[in-house]
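Below is one structure. I have some questions about it.
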Amino acid sequence: MTDHPQWYRDAVIYSLDVKTFADGNGDGIGDFVGLRDRLDYLDDLGVTCLWLLPFYPSPWRDNGYDVADYYGIDERLGTMGDFRRFLDEAHDRGMRVLADMVFNHTSTEHPWFQRARNGDEAYQDYYLWTDDPDSAPDVQNIFPGEEDDVWTYDEAADAHYYHQFYHFQPDLNVSNPAVQDEIERVLEFWTEQGLDGFRVDAATPMIGPKGAEPVSIDDPHSLFRRMKTTVSNVDEETVLLAEADDEPAELKRYFGTGNEFDLLLSFVSNAHLVWALVDENADHLAEAFDRLPDYEEIVEHGQWANFLRNFDELNLGPLPREEFDRAFERIAADPDTRIYGRGVRRRLAPLLDGDPDRIACATSLCFALPGTPIIVAGDEIGMGDDLSLPGRDAVRTPIQWTDDATGGFSTGDAETFLRPVVEGEYGPDAINVAAQSGEPDSLLAHVREIVATRKACPELSRGEQSIVETGDQTVFLHRSDWGETTLLTAHNVSADSTTVSLDAPDDVVTHLLGPGEYSLDSDTVSIELDSYEYCWLRLGRPRTRSA
């Protein structure tokens with residue numbers, strides 16, 4: 001297999017929301033000044049790429065995914081100058097920066113929609129309208145339980161507009177060439193500002209048939225190819241990351257022939273991974289690889305992006321029906337944790353009973369999967385959630401930097417915070433960065449070690465990948481062969497001790513990571529794993545990534 005020079009293949013991505021990361025001016029809302037002041041922390045953590053949630057002007061009715069202006073910075077987060085200073089300093093530290101980009105829909109407050117609803121013919125076809133929604137195809141809203149329909153009446157337009165998400169997020173008609181031109185201009189603008197890539201929100205519904213007489217692009221993926229060409233023409237190293245929640249057999253199409261998306265969020269792996277961790281049965285994760293396109297079929301053109309949690313709900317929908325029912329009942333036993341009939345509005349730590357050893361094992365396992373790993377801000381210290389907040393806001397609380405009442409997030413009054421700091425067993429007096437920073441056995445210290453080790457293991461983005469059968473459903477044993485080396489990663493997802501053995505004819509074995517131990521007897525390596533332990537081993541003599 002040919003070598004890949006693309007930076008994203010060996011990246012470690014850190015996902016954060018500027019609004020809740022660090023407040024630089026004391027107004028209770030995170031901003032780019034605060035984020036810039038925390039870059040040393042991110043550098044020390046070892047992450048190489050930051051993924052920013054939307055920071056554009058917005059009414060924030062959907063956490064910024066209701067964009068009102070694609071070309072600006074929301075004034076509550078700072079100025080364009082603040083953004084550029086942050087970006088320059090991140091680049092100085094060798095960090096790339098991705099930004100969320102939302103092209104499936106806009107806010108109802110976006111000037112395009114305001115012009116459309118007030119009769120400007122040039123903009124009316126930017127959206128999708130009907131006078132008779134009852135005769136339109138029966139389409140389920142993506143947020144069942146919160147939205148009853150995909151049509152909402154607008155009094156000024158005297159017509160109904162189409163929205164697959166919230167009623168204040170009208171869908172764009174991406175089959176309209178004028179809208180495609182707008183998308184191109186937006187991508188050019190931000191790439192020229194220095195962004196290194198974009199996470200494209202809702203990529204699957206974006207290109208699907210829309211409206212009363214469903215319209216779509218004749219070749220829907222041609223839009224993705226155009227987007228990739230657009231950013232590459234400005235900077236050939238610009239990356240596109242897709243939020244594509246499609247059928248497993250369809251996912252390979254999003255990579256094209258290397259001319260569409262570089263990275264694809266693996267919702268299939270995510271659902272199976274979390275279920276494996278909660279059920280303490282690694283066979284669930286192995287099943288994900290049976291359902292996904294063969295890795296060798298996609299690795300020439302792109303790569304999976306693997307994650308444990310994000311700032312939305314944990315979507316268990318990709319699980320097979322019989323597994324979904326059992327997993328949903330187990331993981332979301334409390335009805336208050338359920339959302340949209342498919343999701344769980346909890347952070348990683350509460351899902352794993354707040355056990356730092358389990359969280360470290362889960363993080364290591366996510367990083368050991370073939371692909372690019374993602375950390376969601378706060379999970380590196382085991383932050384909890386606030387179920388008193390509505391919907392997905394439960395997992396979108398401020399980062400806890402210190403043990404004071406405001407978590408060190410802001411110098412302002414906690415009453416002014418956009419969202420409150422978590423209270424109780426996961427509050428800042430128990431969970432915070434400062435307390436863990438100097439503790440060699442803390443979760444934060446273990447995550448730092450995991451990040452550093454993943455960056456030193458090109459086998460996971462270059463090699464031939466395989467799952468090793470162990471006969472023990474509590475252990476996930478993964479093998480990556482690259483040149484003259486083999487990387488073995490073993491994870492015990494259960495509370496019971498176990499030992500697994502496999503053939504290892506090479507007598508050069510290096511222990512890279514984890515509390516698990518190994519022994520070598522003739523041509524057999526045995527890996528001993530206590531409760532929730534993991535172990536990374538390299539067989540053979542390593543070569544450099546560029547070799």
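Throughout, numbering of the chain's residues begins at 1 and tracks the sequence.
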- prompt: Is a donor on one side and an acceptor on the other found under 3.5 Å between the side chain of E517 and the backbone of E528?
  reply: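 No; zero donor-acceptor contacts below 3.5 Å.
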- Query: Would a 4.5 Å heavy-atom cut-off, applied to side chains only, mark P370 and H478 as touching?
  - Reply: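 Yes, their side chains come closer than 4.5 Å.
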For the side chain of E313 and the backbone of V344, is there at least one donor-acceptor N/O pair under 3.5 Å apart?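 A pair under 3.5 Å: no.
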P398 to M383 - nearest heavy-atom pair and separation: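 Closest heavy-atom pair between P398 and M383: O-CE, 3.3 Å.
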Is Y254 close to V200 at the side-chain level, that is, under 4.5 Å between some pair of heavy atoms?
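Counting from C-beta outward, V200 and Y254 never come under 4.5 Å.
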_Close side-chain approach of I73 and D82, heavy atoms under 4.5 Å_ =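 The answer is no, as the side chains (C-beta and beyond) never meet within the 4.5 Å cut-off.
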- Task: Give a yes or no answer on whether the side chain of R396 reaches the backbone of F311 with a donor-acceptor pair at less than 3.5 Å.
- Result: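 Checked: pair present.
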Q. Would you say E322 has more than 12 foreign heavy atoms packed within less than 6.0 Å of its CD?
A.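 Atom CD in E322 is crowded, with more than 12 foreign heavy atoms closer than 6.0 Å.
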>> Between Y295 and F289, is the ring centroid distance below 6.0 Å?
In response: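 Centroid separation for Y295 and F289: 6.0 Å or greater.
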**Q.** Nearest atoms (heavy-atom pairs only) where N310 meets V395
**A.**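 Reported closest heavy-atom pair: O-CG2, 4.2 Å.
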>> If only side-chain N and O atoms count, and only distance matters, is there a donor-acceptor pair under 3.5 Å linking N315 with D245?
In response: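 Yes, side-chain donor-acceptor contact under 3.5 Å.
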| message | So if I apply the side chain to side chain donor-acceptor pair (under 3.5 Å) rule between D385 and each of R347, R309, R346, which one comes out positive? | response |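 Of R347, R309, R346, side chain to side chain donor-acceptor pair (under 3.5 Å) with D385 is met by R346 alone.
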Which residue in the set E188, E260, E184 passes salt bridge (Lys or Arg N to Asp or Glu O under 4.0 Å) when paired with R226?
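The passing option is E184.
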message: Tell me if the aromatic rings of F367 and W536 count as close, with their centers under 6.0 Å from one another.
response: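 No: the rings miss the under 6.0 Å criterion.
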Checklist entry - Does atom CD of E439 have more than 12 heavy-atom neighbours from other groups under 6.0 Å away? => result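 Yes, CD of E439 has more than 12 neighbouring heavy atoms, counting only those of other groups under 6.0 Å.
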Note to self: Can you see whether T474 engages E280 through a side-chain donor-acceptor pair at a distance of less than 3.5 angstrom?
What the structure shows: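 The answer is no; no qualifying pair exists.
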Interatomic distance, E323 atom CD to L316 atom CG [nearest 0.5 angstrom]: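 Rounded to the nearest 0.5 Å, the CD-CG separation comes to 11.0 Å.
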> Any donor-acceptor pair under 3.5 Å linking the side chain of T229 with the backbone of R225?
Replying inline: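 Flag set: sc T229 to bb R225 pair under 3.5 Å.
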Margin query: Any non-hydrogen side-chain atom of V508 less than 4.5 Å from a side-chain atom of L539?
Written below: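 Result no, sub-4.5 Å side-chain heavy-atom pair not found.
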**Prompt:** If every non-hydrogen atom of V493 is compared with every non-hydrogen atom of A282, which pair is closest and at what distance?
**Reply:**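 Taking every non-hydrogen atom into account, CG2-N, 3.9 Å.
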For S364 and H491, does a side-chain donor sit closer than 3.5 Å to a side-chain acceptor?
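There is such a pair (donor and acceptor under 3.5 Å, judged by atom type) between the side chains of S364 and H491.
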Mind listing the closest non-hydrogen atom pair of G516 and C535 along with its distance?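 Smallest heavy-atom distance, with atoms named: O-SG, 3.7 Å.
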| Under 3.5 Å, side chain of N281 to main-chain N/O of D283, donor-acceptor pair present? |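 Side chain of N281 to backbone of D283, a donor-acceptor pair under 3.5 Å: yes, one is there.
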### Message
Let's go through D357 and H446 carefully: what are the C-alpha distance in whole Å and the side-chain angles of both, what is the deciding distance for side chain to side chain donor-acceptor pair (under 3.5 Å) to 0.1 Å, and is it a yes or a no?
### Response
CA-CA 9 Å; D357 291 337; H446 290 315; 5.4 Å; no
State yes or no: are the ring centers of W190 and F83 separated by less than 6.0 Å?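 Yes, they do, as the ring centres are separated by less than 6.0 Å.
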Indicate the ring-plane relationship of F324 and F328, choosing parallel, tilted or perpendicular according to the 30° and 60° boundaries.
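F324 vs F328 ring planes: parallel.
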Exercise. Is the closest side-chain heavy-atom distance between T489 and R479 below 4.5 Å?
Worked result: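 In short, these two side chains do not touch, never coming nearer than 4.5 Å.
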- Establish, from distance only, whether the side-chain atoms of W401 and N432 form a donor-acceptor pair under 3.5 Å.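 No pair is found: no donor N or O on one side chain lies under 3.5 Å from an acceptor on the other.
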Counting only N and O atoms by type, is there a donor-acceptor contact under 3.5 Å from the side chain of Q303 to the main-chain atoms of I298?
->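 Flag not set: sc Q303 to bb I298 has no pair under 3.5 Å.
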So which heavy atom on H272 is nearest to which on V268, and how close?
->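 Looking at all heavy atoms of both residues, the closest pair is ND1-O, 2.8 Å.
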Next item on the list: Examine the side chains of R84 and Q193 and answer whether a donor and an acceptor come within less than 3.5 Å of each other.
Entry: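 A pair is found: one side chain offers a donor N or O, the other an acceptor, under 3.5 Å apart.
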Ring-plane angle category for F86 and F32, please: parallel below 30°, perpendicular beyond 60°, tilted otherwise.
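Tilted.
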Ignoring hydrogens and geometry, is there a side-chain-to-backbone donor-acceptor pair from K19 to N63 under 3.5 Å?
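Side chain of K19 to backbone of N63, a donor-acceptor pair under 3.5 Å: yes, one is there.
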Quiz item: So, does Q400 use its side chain to make a donor-acceptor pair with the main chain of I431 at under 3.5 Å?
Solution: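 It does hold such a pair.
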> Does the ring of W275 carry R330 above it, NZ/CZ under 6.0 angstrom from centre and within 45° of its axis?
Replying inline: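 Not satisfied by the 6.0 Å and 45° rule.
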**Request:** Identify whether the distance between the nearest side-chain nitrogen and carboxylate oxygen of D279 and R326 falls below 4.0 Å.
**Result:**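 Looking at D279 and R326, the cut-off is met.
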**Asked** If we only count heavy atoms from C-beta on, is the L488 to R538 side-chain gap below 4.5 Å?
**Response**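 No. Closest side-chain heavy atoms not under 4.5 Å.
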For this session: Decide if the gap between the ring center of Y70 and the ring center of F189 is smaller than 6.0 angstrom.
Result: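 Ring centres of F189 and Y70 not closer than 6.0 Å.
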Mind checking whether L273 and C366 have side chains closer than 4.5 Å, heavy atoms only?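 Side-chain contact under 4.5 Å: yes.
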- Query: Under 3.5 Å, is there a donor-acceptor pair between the side chain of R454 and the main chain of A11?
  - Reply: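 No; zero donor-acceptor contacts below 3.5 Å.
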**Request:** Using distance alone, with no hydrogens and no angle criterion, decide if T191 and D235 have a side-chain donor and acceptor under 3.5 Å apart.
**Result:**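 Per modelled atom types, T191 and D235 side chains form no pair under 3.5 Å.
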### Task
Ignoring hydrogens and angles, tell me if any N or O in the side chain of Q465 forms a donor-acceptor pair with the backbone of G463 under 3.5 Å.
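Pair found, side chain donor or acceptor close to backbone of G463.
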- request: Please determine which of L314, L277, I359, I375 meets the side chain to side chain contact (heavy atoms under 4.5 Å, CB included) test together with L308.
  value: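 Testing L308 for a side chain to side chain contact (heavy atoms under 4.5 Å, CB included) against L314, L277, I359, I375 leaves exactly one candidate, L277.
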task: May I ask you to check whether N259 and H301 show a side-chain donor-acceptor distance below 3.5 Å?
output: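 Note: N259 and H301 side chains miss the donor-acceptor criterion.
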_If you apply the rule salt bridge (Lys or Arg N to Asp or Glu O under 4.0 Å), what do you find for D40 with R38, and how did you get there?_
CA-CA 5 Å; D40 284 344; R38 294 292 185 178; over 6 Å; no
Inset, instruction - Decide whether S494 and N492 meet the rule of one side-chain donor and one side-chain acceptor closer than 3.5 Å. - result: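 Indeed, the side chains of S494 and N492 share at least one donor-acceptor pair under 3.5 Å.
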Rounded distance [0.5 Å steps], CG in D17 versus OG1 in T397: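 These two atoms lie 10.5 Å from each other.
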Just wondering, more than 12 heavy atoms not from D219 lying within 6.0 Å of its CG?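 Atom CG in D219 is crowded, with more than 12 foreign heavy atoms closer than 6.0 Å.
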CD1-NZ distance between I450 and K455, expressed to the nearest 0.5 angstrom: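 Those atoms lie 13.5 Å apart.
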message = Assess whether a salt bridge exists between R93 and E89, defined as any Lys/Arg side-chain N lying under 4.0 Å from an Asp/Glu carboxylate O.
response =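 Answer for the salt bridge query: yes.
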- Task: In plain terms, say whether R462 and D10 are close enough for a salt bridge, that is, a side-chain N and a carboxylate O under 4.0 Å apart.
- Result: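 D10 and R462: salt-bridged.
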Considering all heavy atoms of both residues, which atom of V174 and which atom of I217 are nearest to each other, and what is their separation?
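The answer is O-CD1, 3.7 Å.
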Between the side chains of Y14 and E380, does any donor sit under 3.5 Å from an acceptor?
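Judged by distance alone, the side chains do pair up.
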Discussion item. Aromatic contact between F267 and F307, with the criterion being ring centroids under 6.0 Å apart: yes or no?
Written reply: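 Yes, the ring centres sit under 6.0 Å apart.
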Check your understanding: Will you find, in the side chains of S266 and N306, an N or O donor that is under 3.5 Å from an N or O acceptor?
Key ->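 The criterion, which ignores hydrogens and geometry beyond distance, is not satisfied for N306 and S266.
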- Query: What do the steps show when you test E459 against T485 for side chain to side chain donor-acceptor pair (under 3.5 Å), and what is the final call?
  - Reply: CA-CA 8 Å; E459 293 95 337; T485 66; 3.1 Å; yes
### Check: W304 ring centre within less than 6.0 Å of F255 ring centre
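Ring-ring flag for W304/F255: true, centres closer than 6.0 Å.
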Check L98, V239, I374, V12 against C49 for a side chain to side chain contact (heavy atoms under 4.5 Å, CB included) and give me the one that passes.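 Looking at L98, V239, I374, V12, the match for C49 under the side chain to side chain contact (heavy atoms under 4.5 Å, CB included) is L98.
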I want to check something: taking the side chain as every heavy atom from C-beta on, are R253 and H221 in contact at a cut-off of under 4.5 Å?
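Answer yes - side chains close enough.
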